[in-house]
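A short write-up of the structure that comes next.
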Amino acid sequence: MENYLDINKNSWNARVEPHLKSDFYFLEEFLQGRNSLNSIELELFGDIKDKSILHLQCHFGQDSISLSRMGAKVTGIDLSDKAIDAAKDLAKQCHTDTQFICTDVYNLPNVLDEKFDIVFTSYGTIGWLPDLEKWAHVVNHFLKPEGKFIMAEFHPVVWMYDDDFNRIVYNYFNEKPIIETSQGTYADTSAEIVQDYISWNHPLSDVLQNLMDKEMEIEKFQEFDWSPYPCFKNVDQFENGKWRINKFGNKIPLIYAIKAKKKSSLR
């Protein structure tokens with residue numbers, strides 16, 4: 001799938017405008033100071049004042065700007081040029097110094113020459129990447145020795161089901177590219193957009209092993225039976241800001257989170 005970047009860039013470009021207008025991204029509240037980060041990743045971050053953070057696949061930058069508001073020096077990157085344009089505009093409106101770069105993850109070492117205290121990625125990111133060995137290399141490349149990698153992501157079990165969670169359709173393992181056409185978007189199912197996209201399922205073993213192969217020490221690995229986003233069909237909110245798929249309740253994982261440390265070069 002040599003053209004997957006072009007296909008997915010077009011898909012994400014089409015989503016930017018409806019996402020900005022959607023309740024899902026609560027833009028007006030965000031501009032008034034609401035933090036877009038969730039308890040899962042906030043607990044992993046801890047105090048980030050004066051830390052340098054690289055945010056991979058940042059969309060239009062709400063989480064990046066939230067990290068800046070918390071005192072970090074943040075650089076966000078994303079494939080979508082329309083998302084990056086929106087992110088730069090949001091940062092200006094929010095009076096933060098958050099920096100944004102338009103590039104795909106694999107190309108980032110060619111356009112950014114800097115090392116960071118923390119590399120961060122979250123929620124619906126690695127499924128757009130075909131090769132996690134290359135991804136883990138990028139994570140390692142941009143971290144200082146002893147730097148931290150923080151990740152929160154949808155659990156691969158979720159991606160095995162059809163949209164209505166009636167049956168298992170997709171392989172848990174990265175068998176082949178998933179080529180589909182979607183109508184609307186998770187943030188606004190009524191949005192008048194129809195887009196092709198290409199994605200990949202990645203089992204937990206691929207995520208963890210590729211990070212470890214790139215000299216990352218896993219410090220914390222967590223699984224959660226809820227999602228901080230109502231981005232799936234047939235969900236119930238059982239606590240404020242926590243959703244579960246109603247037919248499964250707490251029986252399957254919806255999110256996992258990782259905190260890892262880059263090994264010191266002195267070892």
Side-chain angles (χ1 to χ4, degrees), residues 1 4-5 8 12 37-45 53-59 63-64 76-79 103-109 116-161 168-178 186 197-229 231-232 245 252-263:
M1 301 305 303
Y4 80 92
L5 287 172
N8 288 341
W12 281 100
L37 296 161
N38 304 294
S39 61
I40 293 171
E41 56 267 29
L42 285 171
E43 290 175 8
L44 295 177
F45 275 117
I53 300 179
L54 175 62
H55 183 191
L56 303 177
Q57 295 170 275
C58 67
H59 199 23
D63 287 356
S64 306
I77 73 106
D78 199 88
L79 171 70
T103 182
D104 70 274
V105 170
Y106 298 147
N107 187 54
L108 186 57
F116 295 83
D117 298 310
I118 299 170
V119 173
F120 171 56
T121 191
S122 67
Y123 304 109
T125 55
I126 63 169
W128 305 105
L129 305 175
D131 186 340
L132 289 194
E133 189 276 333
K134 291 172 65 176
W135 165 80
H137 171 77
V138 171
V139 170
N140 174 281
H141 174 84
F142 284 104
L143 278 176
K144 299 175 182 178
E146 305 289 324
K148 305 290 186 178
F149 173 62
I150 291 174
M151 175 184 190
E153 181 59 282
F154 295 110
H155 202 286
V157 165
V158 176
W159 302 128
M160 297 171 64
Y161 290 89
I168 291 176
V169 176
Y170 304 99
N171 197 326
Y172 176 82
F173 300 96
N174 186 4
E175 178 188 35
K176 60 184 179 181
I178 299 168
Y186 61 86
Y197 64 88
I198 301 172
S199 62
W200 290 263
N201 283 349
H202 297 294
L204 290 176
S205 56
D206 280 1
V207 177
L208 295 169
Q209 190 63 55
N210 277 294
L211 288 171
M212 291 187 289
D213 287 346
K214 298 302 178 182
E215 303 302 312
M216 303 296 297
E217 293 182 348
I218 307 300
E219 295 187 329
K220 183 172 286 189
F221 174 73
Q222 301 168 299
E223 295 175 288
F224 299 86
D225 60 11
W226 55 272
S227 168
Y229 301 108
C231 53
F232 303 111
I245 297 164
I252 69 168
L254 299 186
I255 300 292
Y256 68 94
I258 296 169
K259 186 174 185 178
K261 179 176 71 175
K262 180 175 178 176
K263 295 179 182 179

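Because the structure is predicted, anything quoted here is derived from the model rather than measured.
- Checked against the 6.0 Å centroid threshold, Phe154 and Tyr123 count as a close aromatic pair.
- Taking all atoms of both residues into account, the shortest heavy-atom contact from Trp226 to Ser39 is CH2-OG, 3.9 Å.
- Taking the side chain as every heavy atom from C-beta outward, Trp135 and Val138 never approach each other to under 4.5 Å.
- The two residues Lys259 and Ile150 have their closest heavy-atom pair at CG-CG1, 4.3 Å.
- Between Tyr170 and Glu175, the closest side-chain pair of non-hydrogen atoms is not below 4.5 Å.
- Side chains of Asp78 and Cys58 form a contact here, defined as non-hydrogen atoms less than 4.5 Å apart.
- Judged purely by atom type and a 3.5 angstrom limit, Lys262 uses its side chain to pair as donor or acceptor with the backbone of Leu143.
- Lys176 contributes atom NZ, which lies 9.0 Å from atom CG of Asn171 (distance to the nearest 0.5 angstrom).
- Counting heavy atoms from C-beta outward, Tyr229 and Asn38 have side chains that approach closer than 4.5 Å.
- Under the side-chain contact (heavy atoms from CB on, under 4.5 Å) criterion, Asp104 pairs with Leu5, Leu79, Tyr106, Asn107, sequence neighbours left out.
- Closest non-hydrogen pair, Met151 versus Leu44, comes out as O-CD1, 4.3 Å.
- Of the possible donor and acceptor atoms, none in the side chain of Glu41 sits under 3.5 Å from a partner among the backbone N and O of Ala152.
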* Kindly determine whether Val105 and Thr121 satisfy side-chain contact (heavy atoms from CB on, under 4.5 Å), including the steps that lead there. => CA-CA 11 Å; Val105 170; Thr121 191; over 6 Å; no
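- Looking at His155 and Leu204, their side chains come closer than 4.5 Å, going by heavy atoms from C-beta outward.
- Note that NE2 of His59 and OG of Ser64 are 11.5 Å apart. Values are rounded to the nearest 0.5 Å.
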* Using the ring-ring contact (aromatic ring centres under 6.0 Å, His included) rule, take Phe45 and Phe120 through it: C-alpha gap first, then chi angles, then the decisive distance, then the call. => CA-CA 9 Å; Phe45 275 117; Phe120 171 56; 4.9 Å; yes
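- Residues Pro177 and Tyr4 form no side-chain contact, since every pair of their non-hydrogen atoms from C-beta on lies 4.5 Å or further apart.
- Checked against a 6.0 Å centroid threshold, the rings of Trp159 and Phe232 count as neighbours.
- Remark: Ile118 CD1 to Phe149 CZ distance equals 11.5 Å, nearest 0.5 Å.
- Relative orientation of the His137 and His141 rings is tilted, given thresholds of 30° and 60° on the angle between their planes.
- Scanning all heavy atoms of the two residues, the minimum distance from Thr125 to Glu153 falls at N-OE2, 3.0 Å.
- Phe116 contributes atom CZ, which lies 10.0 Å from atom CD1 of Ile53 (distance to the nearest 0.5 angstrom).
- Val119 and Val139 get closest at one heavy-atom pair: CG2-O, 4.1 Å.
- The side-chain contact (heavy atoms from CB on, under 4.5 Å) check on Glu215 picks up Asn140, Lys263, with sequence neighbours excluded.
- The side-chain heavy atoms of Asp206 and Phe173, taken from C-beta on, include no pair separated by under 4.5 Å.
- The CD1 atom of Ile258 sits 10.0 Å away from the CD atom of Gln222 when rounded to the nearest 0.5 Å.
- Leu254 is not listed as a side-chain neighbour of Phe224, based on a closest heavy-atom distance of 4.5 Å or more.
- Here Leu208 contributes atom CG and Leu132 contributes atom CG; the two are 10.5 Å apart, rounded to the nearest 0.5 Å.
- Between the side chain of Asn201 and the backbone N or O of Pro156 there is no donor-acceptor pair closer than 3.5 Å.
- Looking at every heavy atom in both residues, Cys231 comes nearest to Tyr186 through O-CB, 4.1 Å.
- With sequence neighbours left out, Lys144 forms a side-chain hydrogen bond (donor to acceptor under 3.5 Å, both in side chains) with Asp117.
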